[in-house]
A.B. asks: 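After the C-alpha cells below, expect a handful of questions from me.
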Amino acid sequence: VAGDTVRNIVEAVTSLTVQGLMLKSFWMALLVTAICIVIAYPAAWAIAKIVPEKYRSTLIMVSIVPAFTSQLLLIYSIMTLMQTNGLVMTPLLKLGILPAGTSLMYTNGSVILILVYEYLPYMILSLYSCLEKIDNNVISASHSLGANRFQTFISVVLPQSFSGLMTGILIVLIPVAGSFVEPNIAGGPYSMMIGSLIDSQFTTSMNMGYGAALSLLFLVVMSLTLAVIRLVMNIADKRIGG
C-alpha cells in the first residue's frame with residue numbers, strides 16, 4: 001500500500017498533464033480574481049459612498065443573490081444566456097460586435113464568465129465592509145490637497161481597503177482554482193481544470209489512490225499559495241502602518 005501511495009504521488013508530481021492543468025487552473029483563478037476586483041471596487045464604492053444610505057441594504061441584497069442561488073441553476077441559466085440565440089449573444093451578433101457564428105459555449109470564456117458571476121458577490125462584500133468605514137473627510141482632504149481620483153485611490157482608498165481586498169482574493173482565488181463543476185458542465189474538452197481531473201479519478205476512473213495523490217498535491221500547492229498571500233498581507237500591513 002505504501003508503495004502504491006508513493007508511486008501515485010510521484011506520478012502526480014511528474015505528470016506533464018497534471019502540471020499543465022495546475023498552471024491553467026491557477027491562471028484562470030488569477031484571471032477570475034482580477035476581473036472580480038476590477039468590477040467589485042467601483043460597485044462596492046458606489047454602494048458605500050454614492051448610493052443613499054436607505055438603499056444600501058437593498059443593493060447589497062441584490063448583489064449577493066448569486067451566492068444564495070443553486071450552483072447548477074446558476075450555471076445553466078448563464079449557459080442559456082450565452083447560447084447563440086440567447087439574450088446576450090443575439091444582440092451582440094445582430095449589431096456585428098461579434099462575428100457571425102461566434103459562440104461562447106463550451107469554451108474557457110464561458111467557464112470564466114460563470115466563475116466571475118458566482119464569486120463576484122464575495123469580492124463586493126469584502127471590499128464594501130472596508131470602504132464604508134473610510135471617513136469621507138479623508139477623501140475630501142485628499143482632493144483639497146490637489147490629488148486626483150487615481151492618486152486618492154492609491155494613497156487613501158487602497159491602503160484602507162487592503163485587508164478587505166486580500167480577504168476577497170482568498171475567498172475567490174482558492175475555490176476558483178479547485179473548480180470542477182463549471183468546467184465539466186459549461187466547458188468543452190479543452191476547458192478541463194485540475195479539479196476536473198481529480199473529480200474524474202473518483203467518479204469515472206475509480207482510481208481512488210491517484211485521485212488522493214492529486215488532491216494532496218493540490219492541497220500542498222494551495223497551502224504554499226496561502227503562505228505567500230499571508231506574507232504579502234503582513235508586509236503590506238507593516239508598510240501601511242508605518
Side-chain angles (χ1 to χ4, degrees), residues 8-40 66-67 69-83 86 88-89 102-123 126 166-229:
N8 284 326
I9 293 176
V10 171
E11 182 179 351
V13 172
T14 58
S15 172
L16 294 179
T17 300
V18 173
Q19 294 174 9
L21 287 177
M22 193 76 73
L23 290 174
K24 178 184 176 182
S25 298
F26 275 92
W27 172 81
M28 291 185 68
L30 288 172
L31 180 58
V32 169
T33 304
I35 295 174
C36 286
I37 292 173
V38 171
I39 299 175
T69 305
S70 168
Q71 186 181 27
L72 289 177
L73 179 61
L74 188 150
I75 292 173
Y76 283 118
S77 63
I78 297 298
M79 290 176 65
T80 301
L81 294 177
M82 290 190 298
Q83 290 178 350
V88 174
M89 293 298 295
T102 300
S103 176
L104 292 178
M105 293 293 294
Y106 307 114
T107 63
N108 288 330
S110 64
V111 176
I112 291 172
L113 179 60
I114 291 173
L115 289 171
V116 167
Y117 187 67
E118 284 183 336
Y119 290 96
L120 180 60
Y122 302 105
M123 184 67 74
S126 298
M166 296 308 298
T167 299
I169 290 175
L170 287 174
I171 294 176
V172 175
L173 180 67
I174 305 304
V176 168
S179 298
F180 65 92
V181 177
E182 295 84 358
N184 289 349
I185 297 178
Y190 301 104
S191 299
M192 177 181 286
M193 296 172 64
I194 188 63
S196 307
L197 180 60
I198 295 174
D199 175 65
S200 69
Q201 299 304 309
F202 287 100
T203 59
T204 305
S205 302
M206 303 303 292
N207 192 349
M208 309 299 180
Y210 189 55
L214 290 173
S215 300
L216 176 62
L217 176 61
F218 182 71
L219 178 61
V220 171
V221 173
M222 295 309 300
S223 298
L224 293 174
T225 303
L226 288 174
V228 172
I229 294 176

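Positions are given from 1 along the sequence.
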A.B. asks: Between CD of Q201 and CG of L197, what distance do you get to the nearest 0.5 Å?
C.D. replies: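 Here the interatomic distance stands at 5.0 Å.
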
A.B. asks: Testing the basics here: between F202 and A212, what is the closest heavy-atom pair and its distance to 0.1 Å?
C.D. replies: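 Minimum heavy-atom separation between F202 and A212: CZ-N, 3.6 Å.
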
A.B. asks: The criterion is side-chain hydrogen bond (donor to acceptor under 3.5 Å, both in side chains); which residues satisfy it with E118, sequence neighbours excluded?
C.D. replies: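 Partners of E118 by the side-chain hydrogen bond (donor to acceptor under 3.5 Å, both in side chains) criterion come out as none, since no residue qualifies.
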
A.B. asks: Closest approach of N108 and M28, non-hydrogen atoms and distance?
C.D. replies: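 Scanning both residues completely, I find the closest heavy atoms to be O-CE, 4.0 Å.
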
A.B. asks: Between K24, M193, M192, which is the residue that forms a side chain to side chain contact (heavy atoms under 4.5 Å, CB included) with P183?
C.D. replies: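 Of the listed residues K24, M193, M192, the side chain to side chain contact (heavy atoms under 4.5 Å, CB included) partner of P183 is M193.
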
A.B. asks: At what distance, to the nearest 0.5 angstrom, does CD1 of I169 lie from CD1 of I37?
C.D. replies: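 The CD1 atom of I169 sits 4.0 Å away from the CD1 atom of I37.
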
A.B. asks: If you compare all heavy atoms of S110 against all heavy atoms of M82, which two are closest, and at what distance to 0.1 Å?
C.D. replies: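 Shortest heavy-atom contact: CB-CE, 3.5 Å.
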
A.B. asks: Okay, side chain of Q19, backbone of V13: is any donor-acceptor separation there less than 3.5 Å?
C.D. replies: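 Checked: pair present.
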
A.B. asks: Is there side-chain contact between L214 and F218, with heavy atoms separated by less than 4.5 Å?
C.D. replies: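 When only atoms from C-beta onward are counted, F218 and L214 do not touch, as no gap falls below 4.5 Å.
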
A.B. asks: For I194 versus S25, what's the shortest heavy-atom pair and its separation?
C.D. replies: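 Looking at all heavy atoms of both residues, the closest pair is N-OG, 2.8 Å.
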
A.B. asks: Going by the rule side-chain hydrogen bond (donor to acceptor under 3.5 Å, both in side chains), which residues pair with S196 if we only count those two or more places apart in sequence or in a different chain?
C.D. replies: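 Partners of S196 under the side-chain hydrogen bond (donor to acceptor under 3.5 Å, both in side chains) test: N184.
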
A.B. asks: Going from CD on E182 to CE on M79, what distance comes out if it is rounded to the nearest 0.5 angstrom?
C.D. replies: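 Those atoms lie 11.5 Å apart.
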
A.B. asks: Scan T33, V116, I39, T167 and name whichever one has a side chain to side chain contact (heavy atoms under 4.5 Å, CB included) with M123.
C.D. replies: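 Testing each of T33, V116, I39, T167 against M123, the sole residue satisfying side chain to side chain contact (heavy atoms under 4.5 Å, CB included) is T33.
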
A.B. asks: Would you check if the side chain of S77 reaches a backbone N or O of L74 as a donor-acceptor pair within less than 3.5 Å?
C.D. replies: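 Checking the backbone N and O of L74 against the side chain of S77, a donor-acceptor pair under 3.5 Å is found.
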
A.B. asks: Are I35 and L115 packed together at the side-chain level, in the sense that at least one heavy-atom pair is separated by less than 4.5 angstrom?
C.D. replies: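 The answer is no; the side chains never approach within 4.5 Å.
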
A.B. asks: Which pair of non-hydrogen atoms, one from V111 and one from S191, has the smallest distance, and what is that distance?
C.D. replies: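 Nearest heavy atoms, V111 then S191: CG2-CB, 4.2 Å.
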
A.B. asks: Nearest 0.5 angstrom please: L72 CG to Y76 OH, how far?
C.D. replies: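 Between atom CG of L72 and atom OH of Y76 there are 6.0 Å.
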
A.B. asks: Yes or no on side chain to side chain contact (heavy atoms under 4.5 Å, CB included) for Y210 and S205, after CA distance, side-chain angles and deciding distance?
C.D. replies: CA-CA 10 Å; Y210 189 55; S205 302; over 6 Å; no

A.B. asks: Which atoms form the tightest heavy-atom contact between Y106 and I185, and what is the distance?
C.D. replies: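 Nearest heavy atoms, Y106 then I185: CE2-O, 3.5 Å.
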
A.B. asks: Flag the pair F180 / I198 as yes when at least one side-chain heavy-atom distance between them is below 4.5 Å, and no otherwise.
C.D. replies: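 The answer is no; the side chains never approach within 4.5 Å.
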
A.B. asks: Side chains of L30 and L173: does their closest heavy-atom pair fall under 4.5 Å?
C.D. replies: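 Yes. Closest side-chain heavy atoms under 4.5 Å.
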
